[in-house]
Visitor: 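Dropping a structure here in structure tokens format, bear with me for questions.
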Amino acid sequence: MVPEQTKTAEKMTSVKAAWDKAPSGPKKDAALKHYQAAEKANTAENDAETNKELDATAHALA
């Protein structure tokens with residue numbers, strides 16, 4: 001993995017952990033949609049889109 005991919009993988013792990021700890025409700029549901037989009041973008045190796053969706057996930061949980 002190149003450094004940028006490593007950072008993205010670490011970010012995915014931390015955002016997923018935050019999502020796991022979040023209480024059930026509309027914020028968690030909205031965040032899940034963004035996280036799933038991030039997973040799809042990550043599978044497509046689109047780091048920019050992955051990071052955008054991870055940021056949206058974190059924002060939805062806030």
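The first residue of the sequence shown is numbered 1, and numbering continues consecutively from there.
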Visitor: Taking atom CG of Leu32 and atom CD of Glu39, what is their separation to the nearest 0.5 Å?
Guide: 8.5 Å

Visitor: Under 4.0 Å between a Lys/Arg side-chain N and an Asp/Glu carboxylate O for Lys16 and Asp20?
Guide: yes

Visitor: Does the Lys28 side chain pair with the main chain of Pro23, one donor and one acceptor, at a distance under 3.5 Å?
Guide: no

Visitor: When you group the ILVMFWY residues by side-chain heavy-atom contacts below 4.5 Å and let the links chain together, are Leu54 and Trp19 in the same group?
Guide: no

Visitor: For side-chain contact (heavy atoms from CB on, under 4.5 Å), just list the numbers for Lys40 and Glu49, CA-CA rounded to whole Å, side-chain angles, deciding distance to a tenth of an Å, and then say yes or no.
Guide: CA-CA 9 Å; Lys40 186 175 180 181; Glu49 185 67 19; over 6 Å; no

Visitor: Whether Lys11 and Asp55 form a salt bridge (side-chain N of Lys/Arg under 4.0 Å from carboxylate O of Asp/Glu) is what I want to check.
Guide: yes

Visitor: Would you say Asn51's side chain and Asp47's backbone share a donor-acceptor pair under 3.5 angstrom?
Guide: yes

Visitor: Could you measure the distance from the OH atom of Tyr35 to the CG atom of Leu61? Nearest 0.5 Å is fine.
Guide: 11.5 Å

Visitor: Would a 4.5 Å heavy-atom cut-off, applied to side chains only, mark His34 and His59 as touching?
Guide: no

